[in-house]
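Predicted model, so just to flag it, every value in this text is computed and none were measured. The basis for the numbers below is simple: all heavy atoms, side chains too, and nothing from hydrogens, waters or symmetry mates.
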Amino acid sequence: MIEVMILGIILYIILEYNGSISTNKFIMDNQDIFKKLKEKDYDFYAKAKYGDSIDVEALFNARLKNGLIVIFLLIFAFISKLSYVNCIFSVVVGYGVYKLNYLKLKRHYKAHLHEIDVMLPYYLKNLEILVQHYTVPVALGKSIDEAPQIFRSGLNELIAKINAGDSTINPYMEFAKDFPVRDSMRMMRLLYRLSLGSQERKQEQLLTFSRNISNLQQKARETRYKERLEKMESKTMVMLISTGVGVMVLLIISILMLFTSSM
């Protein structure tokens with residue numbers, strides 16, 4: 001089977017090279033069908049990892065191409081005993097290869113949620129300063145350049161929805177759902193209320209917003225201090241264990257040398 005698969009790879013490369021087949025053309029011709037396979041949050045996860053400059057469509061097409069190649073190679077490997085079961089198996093494996101990239105992006109994002117949790121209070125502090133001088137939508141727009149990279153795609157979507165006329169809380173809540181970290185929902189609700197408040201109540205609402213940001217910053221500092229402490233404790237334990245093992249090895253060597261000399 002391995003020999004047949006190697007032959008299939010060589011055959012595919014030759015056919016692709018001389019233009020007899022074109023996986024890219026096949027994908028482009030059936031783009032409308034393949035787009036239905038695209039996950040709703042795929043663009044967000046891709047931009048969260050690679051930044052706004054990434055060509056999400058090219059990345060998605062590469063996923064499709066890899067999945068289709070795997071299906072082609074497996075079907076070619078089973079060509080001598082092709083059956084419905086083998087065809088279904090090939091499609092399932094190809095779909096698994098296609099899905100793998102999305103799962104990796106999702107895992108990467110979840111692994112960085114802790115980092116986002118620590119960065120959010122400092123971004124909100126910068127936003128608070130801007131809100132003192134501008135309306136909330138304008139302040140959000142001006143905050144993008146100073147915002148951490150991972151927030152920028154979400155902020156662009158939030159501002160686009162507000163500018164499109166959505167005056168409800170939904171754009172704010174969708175941003176909070178994209179970054180489901182500590183108190184993100186509550187902070188976005190406060191920001192929405194601040195955007196609705198009259199000039200007379202603005203100072204009062206700003207004070208509430210500021211107090212909550214200060215609390216978040218304090219929690220972030222405590223988290224960082226705890227992490228540094230745990231890292232120091234871990235290093236100390238490794239050093240003590242290494243020292244203990246070294247002393248034991250030296251002690252065993254000394255005993256063996258004494259035993260050898262007495263012989």
Side-chain angles (χ1 to χ4, degrees), residues 23-24 27-28 30-71 92-127 139-164 170-188 191 216-217 219-221 223-224 226-228 230-231:
T23 311
N24 291 331
I27 291 171
M28 294 303 296
N30 298 277
Q31 193 75 25
D32 293 339
I33 296 171
F34 288 129
K35 274 190 175 181
K36 293 178 181 178
L37 295 172
K38 189 178 181 181
E39 301 84 359
K40 290 181 180 179
D41 51 2
Y42 179 74
D43 289 15
F44 170 76
Y45 288 135
K47 289 178 180 179
K49 181 174 182 179
Y50 299 111
D52 291 335
S53 59
I54 186 68
D55 187 342
V56 178
E57 291 305 317
L59 200 64
F60 176 68
N61 288 343
R63 289 177 62 198
L64 287 170
K65 187 175 181 178
N66 291 338
L68 290 170
I69 290 171
V70 170
I71 292 171
V92 169
V93 174
Y95 182 74
V97 171
Y98 159 79
K99 202 75 176 174
L100 187 62
N101 175 260
Y102 168 74
L103 295 175
K104 284 181 178 178
L105 289 175
K106 195 171 183 177
R107 278 199 300 270
H108 177 271
Y109 173 72
K110 289 186 176 179
H112 282 71
L113 276 181
H114 172 68
E115 183 183 349
I116 295 168
D117 195 16
V118 173
M119 288 190 297
L120 186 61
Y122 297 95
Y123 163 70
L124 289 172
K125 189 65 181 176
N126 179 53
L127 183 61
L140 285 167
K142 288 183 175 293
S143 72
I144 291 178
D145 292 337
E146 301 298 326
Q149 181 67 42
I150 199 164
F151 294 141
R152 291 181 186 178
S153 61
L155 287 170
N156 281 321
E157 288 180 16
L158 170 61
I159 293 162
K161 288 171 184 174
I162 293 172
N163 291 338
N170 292 335
Y172 296 86
M173 288 297 97
E174 286 170 10
F175 178 86
K177 286 174 185 175
D178 286 340
F179 303 98
V181 293
R182 179 176 51 207
D183 289 336
S184 60
M185 288 282 188
R186 184 161 59 90
M187 295 307 297
M188 294 313 289
L191 194 61
L216 285 178
Q217 285 183 311
K219 290 176 183 176
R221 283 192 289 268
T223 300
R224 285 182 171 176
K226 185 179 178 183
E227 286 174 352
R228 285 197 293 267
E230 287 174 352
K231 191 178 289 186

*Any side-chain heavy atom of Leu124 sitting closer than 4.5 Å to one from Met187?*
yes
More than 12 heavy atoms of other residues, nucleotides or ligands under 6.0 Å from NZ of Lys125: is that the case? yes
- Query: Do Phe175 and Tyr172 have their ring centres less than 6.0 Å from each other?
  - Reply: no
In terms of heavy-atom contacts, Val56 and Ala46 come closest through CG2-CB, 4.4 Å
pair Leu59-Tyr50: side-chain heavy atoms closer than 4.5 Å: yes
To the nearest 0.5 Å, atom CD1 of Ile144 lies from atom CG of Asn156 at 4.0 Å
Q | pair Val97-Ile69: side-chain heavy atoms closer than 4.5 Å | A | no
(Q) Under the criterion side-chain contact (heavy atoms from CB on, under 4.5 Å), I'd like the reasoning laid out for Arg186 against Leu191: C-alpha separation, chi angles, the key distance, then a yes or no. (A) CA-CA 9 Å; Arg186 184 161 59 90; Leu191 194 61; over 6 Å; no
Quick one: does Leu64's side chain get under 4.5 Å of Tyr98's, heavy atoms only? yes
Exercise. If only atom types and distance count, is the side chain of Asp55 paired as donor or acceptor with the main-chain N or O of Ala58 below 3.5 Å?
Worked result: yes
For Leu155 and Ser143 the tightest heavy-atom approach is CD1-OG, 4.4 Å
Determine, stepwise, if the pair Lys99 / Glu39 fulfils salt bridge (Lys or Arg N to Asp or Glu O under 4.0 Å). CA-CA 10 Å; Lys99 202 75 176 174; Glu39 301 84 359; 2.9 Å; yes
Modelled atom types, side-chain donor and acceptor of Asn101 and Tyr45, under 3.5 Å: no
Lys38 and Glu57 have their tightest heavy-atom pair at NZ-OE2, 2.9 Å
Residues Gly94 and Ile71: closest non-hydrogen pair is CA-CG1, 3.7 Å
**Request:** Assess whether side-chain contact (heavy atoms from CB on, under 4.5 Å) is satisfied between Ile54 and Lys47, documenting all intermediate values.
**Result:** CA-CA 7 Å; Ile54 186 68; Lys47 289 178 180 179; 4.1 Å; yes
Discussion item. Do Arg107 and Tyr102 form a cation-pi contact, if we require the NZ or CZ to be under 6.0 Å from the six-membered ring centre and within 45 degrees of the ring's axis?
Written reply: no
Legend entry - Within-4.5 Å side-chain heavy-atom neighbours: Leu100 and Asn66: no
Trace of the salt bridge (Lys or Arg N to Asp or Glu O under 4.0 Å) decision for Glu157 with Arg152: CA-CA 9 Å; Glu157 288 180 16; Arg152 291 181 186 178; over 6 Å; no
